[in-house]
Amino acid sequence: MRYLSSYYTDPGKRKGPNQDSMLVERMEYGGQEVLLAAVCDGIGGLSKGEVASAEVIRSLAGWLRREFVLLAGQEEFEDALYDSWEILLRDVHRRLRDYGRLHGIRIGTTLTTMLLWQEKYYIAHVGDTRIYKIRDQVTQLTGDQILAQLDHACDHSNSKKIDCGEAEQEKTGSAGKESKAGKNILLQGIGCSSAIRPAYYSGEAESNTVYLLCTDGFRRKLGKEELRKAFAPEALINEEIMAEQGRATARLVMERGERDNITVIMLRTAPV
């Protein structure tokens with residue numbers, strides 16, 4: 001399986017720096033392509049969100065270069081991967097908390113990351129950035145860790161893998177947040193919580209499928225049917241088209257009044 005990828009990020013109408021950060025990195029192992037993608041959204045209302053999100057991305061990029069090859073040959077790869085990610089994320093969480101204490105501020109970020117390898121996907125998730133799977137319908141693969149979705153955001157009694165397949169789809173048909181009561185009330189963030197308990201998901205990476213990672217600024221003004229039409233796999237036949245569709249959709253949400261930073265990563269699977 002091969003992977004097409006593209007991305008778009010925009011500071012949007014909000015003044016100040018873009019607090020979103022993202023990563024798309026590739027390598028080859030055992031004759032197969034490995035792709036790691038991630039989006040982080042510096043938490044609004046706290047200081048230096050751009051510092052927090054960038055630090056998580058730098059840590060993930062370094063992890064791929066240093067650690068992946070050490071894990072790839074292990075018989076229980078999935079368990080070893082999640083153990084490694086757990087150590088990584090707890091370490092960057094500690095460093096961000098130390099940075100905040102040193103500078104007398106609170107600092108934090110969300111994270112959603114996906115590893116594609118050997119026709120499988122592996123996800124680590126903290127916060128309310130999202131991953132969608134897009135084929136003939138749109139399925140949200142991650143659960144928002146916000147007050148309104150407490151029941152299925154993540155298992156707070158167990159920080160190991162949540163082997164539940166695909167997260168429950170939203171009932172409203174909207175790609176945005178579900179209720180005003182839960183808006184912006186995050187249950188945890190890297191750097192700003194007393195502790196973090198990432199949620200982990202895995203599944204088969206299907207061919208001719210789009211996996212879309214995004215911050216809430218990108219999807220808040222969009223409906224699921226709009227996502228399906230804009231990012232239908234059959235239309236995204238090359239990376240140039242994917243890039244233009246990302247830009248066009250970002251412009252649309254800004255025209256609809258979105259003021260937040262906007263970031264989207266598009267990954268399309270295709271047969272070799």
Query raised in the report: Which one of Ile190, Leu111, Ile196 satisfies the side chain to side chain contact (heavy atoms under 4.5 Å, CB included) criterion with Val92?
Result: Ile190
Requested in this report: Evaluate the criterion side chain to side chain donor-acceptor pair (under 3.5 Å) for residue pair Ser5 and Arg26; output intermediate values, then yes/no.
Outcome: CA-CA 10 Å; Ser5 65; Arg26 301 167 183 264; 2.6 Å; yes
Report task. Please indicate whether Tyr8 has more than 12 foreign heavy atoms, meaning atoms of other residues, nucleotides or ligands, lying under 6.0 Å from its OH. Result -> yes
Requested in this report: Report the residues that fulfil side-chain hydrogen bond (donor to acceptor under 3.5 Å, both in side chains) with Asn18, sequence neighbours left out, ordered by chain and then residue number.
Outcome: Thr9
**Report entry** Close side-chain approach of Val69 to Tyr29, heavy-atom, < 4.5 Å
**Finding:** yes
Report task. Would you check, one step at a time, whether the test salt bridge (charged side-chain N to carboxylate O under 4.0 Å, His left out) holds for Glu33 with Arg2? Result -> CA-CA 7 Å; Glu33 187 175 10; Arg2 62 190 178 94; over 6 Å; no
Report task. Heavy atoms only: give me the nearest Leu267-Met114 pair and the separation to one decimal. Result -> CD1-SD, 4.1 Å
Query raised in the report: In Å and rounded to the nearest 0.5 Å, what is the CZ to OG1 distance from Phe218 to Thr129?
Result: 14.0 Å
Query raised in the report: So, Glu226 and Arg256, do they make that salt bridge, N to O below 4.0 Å?
Result: yes
Query - Distance in Å, Asp79 CG paired with Leu71 CG, rounded so as to fall on 0.5 Å steps - result: 11.5 Å
Report task. Step by step, work out the salt bridge (charged side-chain N to carboxylate O under 4.0 Å, His left out) result for Glu86 and Arg90. Result -> CA-CA 6 Å; Glu86 188 88 12; Arg90 289 188 176 183; 2.9 Å; yes
Atom pairs and distances, side-chain donor-acceptor, residues 38-53, under 3.5 Å, sequence neighbours left out:
| unit_1 | atom_1 | unit_2 | atom_2 | d |
| --- | --- | --- | --- | --- |
| Ser53 | OG | Gln19 | O | 2.8 |
| Ser53 | OG | Ser21 | OG | 2.8 |
| Ser53 | OG | Gly49 | O | 3.2 |
| Ser53 | OG | Glu50 | O | 3.3 |

**Report entry** Nearest heavy atoms of Gln145 and Ala199, plus distance in Å
**Finding:** NE2-CB, 3.7 Å
Report summary line: Here the gap from Ile131 atom CD1 to His125 atom NE2, rounded to the nearest 0.5 Å, amounts to 8.5 Å
Requested in this report: May I ask you to check whether Trp85 and Tyr122 place their ring centers less than 6.0 Å from one another?
Outcome: no
Report task. Please tell me if the side chains of Leu186 and Thr110 come closer than 4.5 Å, counting only heavy atoms from C-beta onward. Result -> yes
Report task. Decide yes or no for Val24 and Tyr7: does some side-chain heavy atom of the first lie under 4.5 Å from some side-chain heavy atom of the second? Result -> yes
**Report entry** Shortest non-hydrogen contact from Pro271 toward Ser207
**Finding:** CD-OG, 3.2 Å
Requested in this report: Report yes if the side chains of Asp144 and Gln140 come closer than 4.5 Å at any heavy-atom pair, otherwise no.
Outcome: yes
Report summary line: CG (Asp216) and CG (Asp128) are apart, to the nearest 0.5 Å, by 5.0 Å
Query - Hydrophobic cluster identity match, Leu81 and Ile87, side-chain contacts under 4.5 Å - result: no
Report task. For salt bridge (charged side-chain N to carboxylate O under 4.0 Å, His left out), just list the numbers for Lys120 and Glu78, CA-CA rounded to whole Å, side-chain angles, deciding distance to a tenth of an Å, and then say yes or no. Result -> CA-CA 10 Å; Lys120 288 201 70 175; Glu78 188 169 340; 3.4 Å; yes
Requested in this report: Please lay out, stage by stage, how Arg95 and Ser59 fare under the test side chain to side chain donor-acceptor pair (under 3.5 Å).
Outcome: CA-CA 11 Å; Arg95 285 188 278 114; Ser59 298; 3.1 Å; yes
Report task. Could you grab the distance from atom OG1 of Thr269 to atom CD of Glu204, nearest 0.5 Å is fine? Result -> 12.0 Å
Report task. Find out whether Asn208 and Glu234 are in side-chain contact, i.e. whether some heavy atom of one side chain is under 4.5 Å from a heavy atom of the other. Result -> no
**Report entry** Non-hydrogen side-chain atoms of Leu141 and Tyr121 separated by less than 4.5 Å
**Finding:** yes
Report task. Please report the C-alpha distance between Ile146 and Leu187 in whole Å, then the side-chain angles of each, then the deciding distance to 0.1 Å, and finally whether the side-chain contact (heavy atoms from CB on, under 4.5 Å) criterion is met. Result -> CA-CA 5 Å; Ile146 60 176; Leu187 296 177; 5.6 Å; no
Requested in this report: Would you indicate whether the side-chain heavy atoms of Val264 and Leu213 approach each other to under 4.5 Å?
Outcome: no
**Report entry** Evaluation steps, side-chain contact (heavy atoms from CB on, under 4.5 Å), between Lys133 and Glu206
**Finding:** CA-CA 9 Å; Lys133 181 179 78 172; Glu206 301 178 55; 2.8 Å; yes
Requested in this report: Start with the C-alpha gap between Thr142 and Arg130, add the side-chain angles, then the distance that decides, and say whether side chain to side chain donor-acceptor pair (under 3.5 Å) holds.
Outcome: CA-CA 6 Å; Thr142 53; Arg130 290 183 181 179; 5.9 Å; no
Requested in this report: Kindly indicate, with the supporting measurements, whether the criterion side-chain contact (heavy atoms from CB on, under 4.5 Å) is fulfilled by Leu222 and Leu252.
Outcome: CA-CA 9 Å; Leu222 296 171; Leu252 174 64; 4.1 Å; yes
Query raised in the report: Between Lys221, Arg220, Arg219, which is the residue that forms a salt bridge (Lys or Arg N to Asp or Glu O under 4.0 Å) with Glu258?
Result: Arg220
Requested in this report: Could you tell me whether Glu239 and Arg268 make a salt bridge, using a distance below 4.0 angstrom between a side-chain N and a carboxylate O?
Outcome: no
Query raised in the report: Considering only heavy atoms from C-beta outward, does the side chain of Met27 approach that of Leu64 to under 4.5 Å?
Result: yes
Report summary line: dist Lys13:NZ -> Ile262:CD1 (nearest 0.5 Å) comes out at 9.0 Å
